[in-house]
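Report on the structure given below.
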Amino acid sequence: MTRGIGKIAFGGIVAFIGLYFVTALAWTWYSSEKRPDPDKPGQRIAEGPVPAPPHPVVIRQPDGKVMVDSGRRDARGEPVMVACATCHDTRPPEPSLHSSSELDEFHQGLTYAHGELSCLSCHNANDYDTLKLANGQAVDFSASMSLCAQCHGPQFRDYRNGSHGGMQGHWDLTRGGRTRNTCIDCHDPHHPAFPQVMPVFPPMPERGETLPHAHHE
Ligand code: HEC
Ligand code: HEC
Ligand code: HEC
Ligand code: HEC
């Protein structure tokens, strides 16, 4: 009698444990279907707090108003600035010009050292108030970076990655904006070599300090 009850009780416990595991497994499966796993790629996950809108990265732009001093002065004594086309519309272009020493009629102050490029590699012979790309397309003076980029791909790539050209402002764009230089902020298009940094004297010793090579009595 007691053995019969014991058997039933034992069977009940086994059945209960079995049921428990089956339910637990089913629940795990069911809830994993419902609840997305945040570590699984391609899943939509619940949105956390909405991040602040990032501040902009602004590339400084040359003003694009490129003119030359005509050498004359107006009534107030200010130099009269003229647009490039004023003279060049009536002058035949000189495609072979590629050094400042060849400038004997005008633009004598211009220092030029940029590889073997002729002036008209960059300036537009059809419209001197613009620049031109290698494919002949005219670009505004304010967009000179696109001109530099087509011949200096590696530096432009580094620039876009942030390792060339410097920046000011915030690294974390949720805290504030960032300003980037344009190529001609640092490189003169006519003599682009970055000026060499002057070597300076080593630091002076602090009062009471001795230089490493000084004699000790
Ligand atoms: C006052 C007239 C005058 C103005 C304004 C002028 N130029 Fe010139 N430019 C000349 C003359 C003259 C030459 C030829 C220089 C020489 O051979 O000594 C020249 C030569 C050049 C050349 C060399 C290629 C070629 O076709 O001769 C370029 C490039 C050029 N100028 C660009 C410009 C740009 C850009 C501007 C405006 C920012 C400008 N010039 C404004 C008179 C002018
Ligand atoms: C690598 C491209 C490039 C070449 C090559 C080049 N220029 Fe320029 N030039 C420019 C750009 C870019 C500007 C505008 C600079 C700015 O926005 O301040 C400019 C501006 C000028 C100006 C007006 C401003 C100034 O600096 O006086 C003159 C004049 C000029 N160029 C003449 C020439 C002449 C002459 C030659 C050949 C001896 C020449 N350029 C070769 C890119 C070039
Ligand atoms: C048509 C092609 C062309 C364009 C456009 C051009 N460059 Fe160059 N650049 C050259 C060549 C070629 C050299 C010379 C490479 C050499 O001598 O090893 C050079 C050299 C340089 C150098 C190295 C100078 C040195 O002596 O160390 C710098 C910096 C430079 N360019 C910047 C610029 C900038 C900024 C612009 C845009 C205003 C520009 N380049 C536009 C072709 C170009
Ligand atoms: C913040 C200033 C700055 C800006 C902006 C800048 N550069 Fe430079 N660039 C430098 C310095 C510094 C060097 C290294 C000069 C050296 O080593 O003597 C350099 C070197 C170069 C060289 C010569 C590379 C070599 O190995 O000799 C080229 C070409 C060049 N830059 C192109 C560009 C172009 C194109 C842009 C715009 C996309 C640009 N730079 C923007 C500062 C700048």
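Read the numbers this way: they start at 1 and go in the same order the structure lists the ligands and their atoms.
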(message) Strictly less than 4.0 Å: does any protein heavy-atom distance to atom 9 (N) of ligand 3 fall in that range?
(response) yes
(request) Output yes when the distance from some N or O of ligand 1 to some N or O of His88 is under 3.5 Å, and no in every other case. (result) yes
(message) Would the distance check show the side chain of His187 and the main-chain N or O of Ala193 forming a donor-acceptor pair, the cut-off being under 3.5 Å?
(response) no
(message) Looking at Arg60, I'd like to know if its CZ atom is crowded, meaning that more than 12 non-hydrogen atoms belonging to other residues, nucleotides or ligands lie closer than 6.0 Å.
(response) yes
(message) For the backbone of Leu120 and the side chain of Lys132, can you confirm whether one donor and one acceptor N or O come within less than 3.5 Å of each other?
(response) yes
(message) Within the 3.5 Å criterion, strictly below it, is a donor on Ser163 or Asn161 matched to an acceptor on the partner's side chain?
(response) no
(message) Which of the numbered atoms in ligand 1 are under 4.0 angstrom from any heavy atom belonging to Glu102?
(response) 17 (O), 18 (O)
(request) Just need the protein heavy atom nearest to atom 28 (C) of ligand 1, so name the residue and atom and give the distance. (result) Tyr128 CE2, 3.8 Å
(request) Using a strict 4.0 Å cut-off to heavy atoms of Cys119, name the atoms of ligand 1 that fall inside it. (result) 23 (C), 29 (C)
(message) Is the positively charged end of Arg91 above the ring of Phe106, judged by distance under 6.0 angstrom from the centroid and angle within 45° of the axis?
(response) no
(request) Identify the protein heavy atom lying closest to atom 38 (C) of ligand 1, giving its residue, its atom name and the separation to 0.1 Å. (result) Cys84 SG, 2.6 Å
(message) Walk me through whether Arg178 and Leu173 qualify under side chain to side chain contact (heavy atoms under 4.5 Å, CB included).
(response) CA-CA 7 Å; Arg178 190 185 301 159; Leu173 288 178; 3.5 Å; yes
(request) State, without any angle test, whether Arg160 and Gln155 hold a side-chain donor-acceptor pair at a distance under 3.5 Å. (result) no
(message) Could you identify the single nearest non-hydrogen protein atom to atom 18 (O) of ligand 4 and state the distance to 0.1 Å?
(response) Gln196 NE2, 3.9 Å
(message) Among all the protein's heavy atoms, is there at least one whose distance to atom 4 (C) of ligand 4 comes out below 4.0 Å?
(response) yes
(message) Checking the N or O distance criterion of under 3.5 Å, is ligand 1 in contact with Glu94?
(response) yes
(message) Using a 4.0 Å cutoff against the non-hydrogen atoms of Phe156, which atoms of ligand 4 qualify?
(response) 38 (C)
(request) Give me the ring orientation class for Tyr128 and His88: parallel if the planes are under 30° apart, tilted from 30 to 60°, perpendicular past 60°. (result) parallel
(request) With heavy atoms of Leu147 as the reference, note each atom of ligand 3 found under 4.0 Å away. (result) 5 (C)
(message) Looking at Ser118 and Ser96, would you say the former's side chain and the latter's main chain have a donor-acceptor pair under 3.5 Å?
(response) no
(message) Under a 4.0 Å threshold between the charged nitrogen and the carboxylate oxygen, would Glu78 count as salt-bridged to Arg72?
(response) no
(message) Heavy atoms only: which of Glu105, Met81, Arg72 lies closest to atom 16 (C) of ligand 1?
(response) Glu105
(message) Within the 4.0 Å heavy-atom shell around Thr182, which atoms of ligand 4 are there?
(response) 5 (C)
(request) With heavy atoms of His123 as the reference, note each atom of ligand 1 found under 4.0 Å away. (result) 29 (C), 35 (C)
(message) Please confirm whether Val68 approaches ligand 1 to less than 4.0 Å, judged on its heavy atoms.
(response) yes
(request) Give the atoms of ligand 3, by number and element, whose distance to some non-hydrogen atom of Gly115 is under 4.0 Å. (result) 14 (C)
(request) Specify side chain, backbone, both or neither for His114, according to which of its non-hydrogen atoms lie closer than 4.0 Å to ligand 3. (result) side chain
(message) Students often mix this up, so state it plainly: with edges at 30° and 60°, are the rings of Phe156 and Tyr159 parallel, tilted or perpendicular?
(response) parallel
(request) For atom 8 (Fe) of ligand 4, check which protein N, O or S atoms are under 2.8 Å away and list them. (result) His164 NE2, His187 NE2
(message) Closer than 4.0 Å to some heavy atom of Asn181 - which atoms of ligand 4 meet that?
(response) 1 (C), 5 (C)
(message) I need the atoms of ligand 1 closer than 4.0 Å to a non-hydrogen atom of Asp104, numbered in the order shown.
(response) 16 (C), 18 (O)
(request) Return yes when Ser118 approaches ligand 1 closer than 4.0 angstrom through a heavy atom, no otherwise. (result) no
(request) Quick one: look up the protein heavy atom nearest atom 42 (C) of ligand 1 and list residue, atom name and how far away it is. (result) Phe106 CD2, 3.4 Å
(request) Could you see which bit of Leu97 sits under 4.0 Å from ligand 1, with heavy atoms only: side chain, backbone, both or neither? (result) side chain
(message) Looking only at protein heavy atoms, which one is nearest to atom 14 (C) of ligand 1, and what is the separation?
(response) Arg91 NH2, 3.3 Å
(request) Between Pro189, Cys148, Ser121, flag the one that comes closest to atom 37 (C) of ligand 3 by a heavy atom. (result) Cys148
(message) Taking 2.8 Å as the cut-off, does Cys151 contribute an N, O or S atom near atom 8 (Fe) of ligand 3, distance below it?
(response) no
(request) Among all protein heavy atoms, pick the one closest to atom 12 (C) of ligand 3 and tell me residue, atom and distance. (result) Leu117 CD2, 4.3 Å
(message) Could you identify the single nearest non-hydrogen protein atom to atom 39 (C) of ligand 1 and state the distance to 0.1 Å?
(response) His107 CE1, 3.4 Å
(request) Identify, for atom 1 (C) of ligand 1, the protein heavy atom at the shortest distance, and state residue, atom and that distance. (result) Cys87 SG, 2.7 Å
(message) Just to be sure I read this right, does ligand 1 sit under 4.0 Å from the backbone of Ala83, its side chain, both, or neither, counting only heavy atoms?
(response) backbone
